[in-house]
Amino acid sequence: MSVGLEHYLILSAILFSIGLYGALAKRNAVIILISIEIMLNAVNIAMVAFSRYIAPSMLTGQVFAIFIMVVAAAEAAVGLAIIIAIYRSRKTVETTEIDLMKW
Amino acid sequence: MGLDIAFWVLAVVGVGAALTVVLLRDVFRAALALVLCLLTVAGLYITLSADFLAAVQVLIYVGGISILIILAIMLTREVQRGSPANKLQIPALIVAILFLGVVAFTLLNTPWQLSAEPPLEPTTAALAVKLLGEGGFILPVEIAASLLLAAILGAIVLVREK
């Protein structure tokens, strides 16, 4: 059986689930950001696969993927800056210890 | 045939690298596994004949974001303590597996309307027309530029010494 759209979508779903597990289950804030990057990449794979197999001449999926990359870059920059600022004031990046706003 | 082999190799390596990221306790090695995962995604773009996106993936993710993440890991010095799982590990695993099951069930039961057209190659010029040309995405491009500027200014303000 040759590789088709479903293969790419299943791969994208697997990568997204791995990222979801990492974002929910990890304590280190940097690892949570890394997991979010994996999730965004999984979405990008699905976008480009749709673009390739459903409307190859339109390229709209690839344009969406470019915008997702822009937002991911902005998110990584601001997120890591926040983590470094938190580390400066509280000397930890463990999300279980950063609970000032926790009810 | 060659594309099929490339897909399977890249898929196995990519999923393995992603699993390494979330299962390893060593934060620095997890970041290196992330670099491998991002590289396999770039390879997957090539198998989907998205050449421009593959180059952009290598430049932005493998070149930029991974450097940023490794720098942040070094600045926060959490390498010794590692990244243990919190007490939500089992619920998180259940949620992730449930999500995967629902998504896989849905997309395997959807009748996709596949197009038989050959893929566009090379895509760079066509993407430029799509992004900047008449009736394209010029307004989102401008908004993305201002978003990046705001993000850079915000990052500088956040990490500046008082």
Side-chain angles (χ1 to χ4, degrees), chain A residues 2-11 13-22 24-28 30-31 33-35 37-38 41 44-45 48-49 51-57 59-60 62-63 65-67 69-74 76-78 80-85 87 93 95-96, chain B residues 3-4 7 11 15 18-19 21-22 27 30 34 37-38 41 44-45 48-50 53 56 60 65 68-69 72-73 75-76 78 83-86 88-89 92-93 95-96 99-100 103-104 107-108 112-115 117 119-120 123 126-127 130-131 137 140 144 147-148 151-152 154-155 158-159:
Chain A
S2 94
V3 171
L5 175 62
E6 281 89 357
H7 293 81
Y8 284 97
L9 293 183
I10 292 279
L11 171 67
I14 292 173
L15 281 179
F16 193 92
S17 304
I18 293 172
L20 185 64
Y21 167 76
L24 291 177
K26 293 307 238 183
R27 263 191 219 168
N28 191 310
V30 181
I31 297 287
L33 264 184
I34 289 178
S35 301
E37 295 294 335
I38 293 177
N41 270 284
N44 267 351
I45 293 175
V48 180
S51 164
R52 160 75 179 77
Y53 285 104
I54 305 248
S57 55
L59 291 181
T60 320
Q62 297 197 19
V63 173
I66 290 175
F67 285 120
M69 280 182 185
V70 171
V71 175
V78 175
L80 291 170
I82 290 173
I83 288 174
I84 291 172
Y87 181 77
V93 293
T95 46
T96 46
Chain B
L3 276 185
D4 290 7
F7 170 81
V15 171
L19 279 175
V21 170
V22 294
V27 182
L34 175 79
C37 183
L38 297 175
V41 173
L44 284 169
Y45 289 161
L48 286 165
S49 63
L53 268 183
V56 168
I60 293 183
I65 291 183
L68 210 60
I69 286 173
I73 289 171
L75 280 176
T76 51
E78 288 286 320
S83 74
N86 59 20
L88 281 176
Q89 188 177 18
L93 193 64
V95 166
F99 176 83
L100 177 61
V103 171
L107 62 86
L108 287 179
W112 303 106
Q113 293 175 343
L114 294 182
S115 161
E117 288 176 68
L120 218 55
T123 57
L127 266 178
K130 194 86 188 165
L131 276 173
F137 290 83
L147 170 76
L148 279 177
I152 292 169
L158 276 171
V159 297

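The chains referred to below are lettered A, B, ... by the order of the sequence lines, with proteins before strands, and numbering in each begins at 1.
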**Prompt:** With respect to chain A, which residue among Pro140(B), Cys37(B), Gly154(B), Ala126(B) yields the maximal number of heavy-atom pairs within a distance under 4.5 Å?
**Reply:** Pro140(B)
**Message:** Please classify the contact between Gln113(B) and chain A as side chain, backbone, both or neither, with a heavy-atom cut-off of under 4.5 Å.
**Reply:** backbone
**Item:** Interatomic distance, Ile73(B) atom CD1 to Ile31(A) atom CD1 [nearest 0.5 angstrom]
**Value:** 6.0 Å
**Prompt:** Which one of Ile66(A), Leu59(A), Ile14(A) has the most heavy-atom pairs closer than 4.5 Å to chain B?
**Reply:** Leu59(A)
**Asked** What part of Ile82(A) gets closer than 4.5 Å to chain B, counting heavy atoms only: side chain, backbone, both or neither?
**Response** both
**Message:** Donor-acceptor check, side chain of Lys130(B) to backbone of Thr60(A), threshold 3.5 angstrom: yes or no?
**Reply:** no
**Interatomic spacing from CD1 in Ile69(B) to CD1 in Ile34(A) - rounded to 0.5 Å** = 4.5 Å
**Request:** With a 4.5 angstrom heavy-atom cut-off, could you sort out which part of Tyr21(A) is near chain B: side chain, backbone, both or neither?
**Result:** both
**Request:** Quick one: closest heavy-atom pair of Tyr45(B) and Val48(A), and the distance?
**Result:** CE2-CG2, 3.7 Å
**Prompt:** CZ/Phe7(B) to OG/Ser2(A) distance, rounded to the nearest 0.5 angstrom?
**Reply:** 10.5 Å
**Prompt:** Under a 4.5 Å heavy-atom cutoff, which of Ala30(B), Ala151(B), Ala104(B), Ser115(B) has the most pairs with chain A?
**Reply:** Ser115(B)
**Asked** When heavy-atom pairs shorter than 4.5 Å are enumerated against chain B, which of Val30(A), Val63(A), Leu20(A) gives the highest number?
**Response** Val63(A)
**Request:** Would you mind checking which part of Val70(A) comes under 4.5 Å of any heavy atom in chain B, side chain (CB onward), backbone (N, CA, C, O), both or neither?
**Result:** both
**Message:** Looking at chain A, which one of Ile60(B), Leu114(B), Leu88(B) has the largest number of heavy-atom pairs inside 4.5 Å, strictly under?
**Reply:** Leu114(B)
**Exercise: identify the closest heavy-atom pair between Arg52(A) and Glu117(B)** = NH1-O, 4.5 Å
**Asked** Which one of Leu93(B), Val103(B), Val21(B) has the most heavy-atom pairs closer than 4.5 Å to chain A?
**Response** Leu93(B)
**Asked** Relative to chain B, which segment of Leu5(A) carries a heavy atom at a distance below 4.5 Å: side chain, backbone, both, or neither?
**Response** side chain
**Request:** Please determine, among Ser35(A), Gly4(A), Ala13(A), the option with the most heavy-atom pairs under 4.5 Å with chain B.
**Result:** Ala13(A)
**Item:** Region of Ile45(A) that comes under 4.5 Å of a non-hydrogen atom in chain B
**Value:** both
**Message:** Could you go through Leu75(B) and Tyr87(A), starting from their C-alpha distance and side-chain angles, then the distance that decides it, and tell me whether this counts as side chain to side chain contact (heavy atoms under 4.5 Å, CB included)?
**Reply:** CA-CA 9 Å; Leu75(B) 280 176; Tyr87(A) 181 77; over 6 Å; no
**Fill in**
Per-residue tally against chain A (heavy atom, under 4.5 Å) across Leu44(B), Leu127(B), Val95(B) peaks at Leu127(B)
**Message:** With chain B as the partner, which of Ala74(A), Gly22(A), Gly19(A), Ala85(A) has the greatest number of non-hydrogen pairs under 4.5 Å?
**Reply:** Ala74(A)
**Request:** Supply the atom-to-atom distance Gln62(A) CD to Leu48(B) CG, rounded to the nearest 0.5 angstrom.
**Result:** 8.5 Å
**Choice from Leu68(B), Ile152(B), Leu3(B), Leu108(B) maximising heavy atom contacts with chain A below 4.5 Å** = Leu68(B)
**Prompt:** Do you know the tightest heavy-atom contact between Ile18(A) and Ala18(B)?
**Reply:** CG2-O, 3.6 Å
**Message:** Is there a side chain to side chain contact (heavy atoms under 4.5 Å, CB included) between Trp112(B) and Glu6(A)? Walk through the geometry before answering.
**Reply:** CA-CA 9 Å; Trp112(B) 303 106; Glu6(A) 281 89 357; 3.4 Å; yes
**Item:** Residue part contacting chain A, namely of Phe137(B), when any heavy atom lies under 4.5 Å
**Value:** both
**Prompt:** Would you say Asn44(A) and Leu53(B) make side-chain contact, with heavy atoms under 4.5 Å?
**Reply:** no
**Asked** Where do Gln89(B) and Ala25(A) come nearest, in terms of heavy atoms and distance?
**Response** CA-CB, 4.0 Å
**Asked** Given a strict heavy-atom distance threshold of 4.5 Å, which part of Leu38(B) is in contact with chain A: side chain, backbone, both, or neither?
**Response** side chain
**Message:** Is Ser57(A) close to chain B through its backbone or its side chain, or both, or neither, when contacts mean heavy atoms under 4.5 Å?
**Reply:** both
**Contact class of Leu100(B) relative to chain A, heavy atoms under 4.5 angstrom** = both
**Message:** Let me confirm one number: the CD-CD1 distance from Glu37(A) to Ile65(B), rounded to the nearest 0.5 Å.
**Reply:** 4.5 Å
**Complete:** Honestly, the part of Ile54(A) sitting under 4.5 Å from a heavy atom of chain B is both
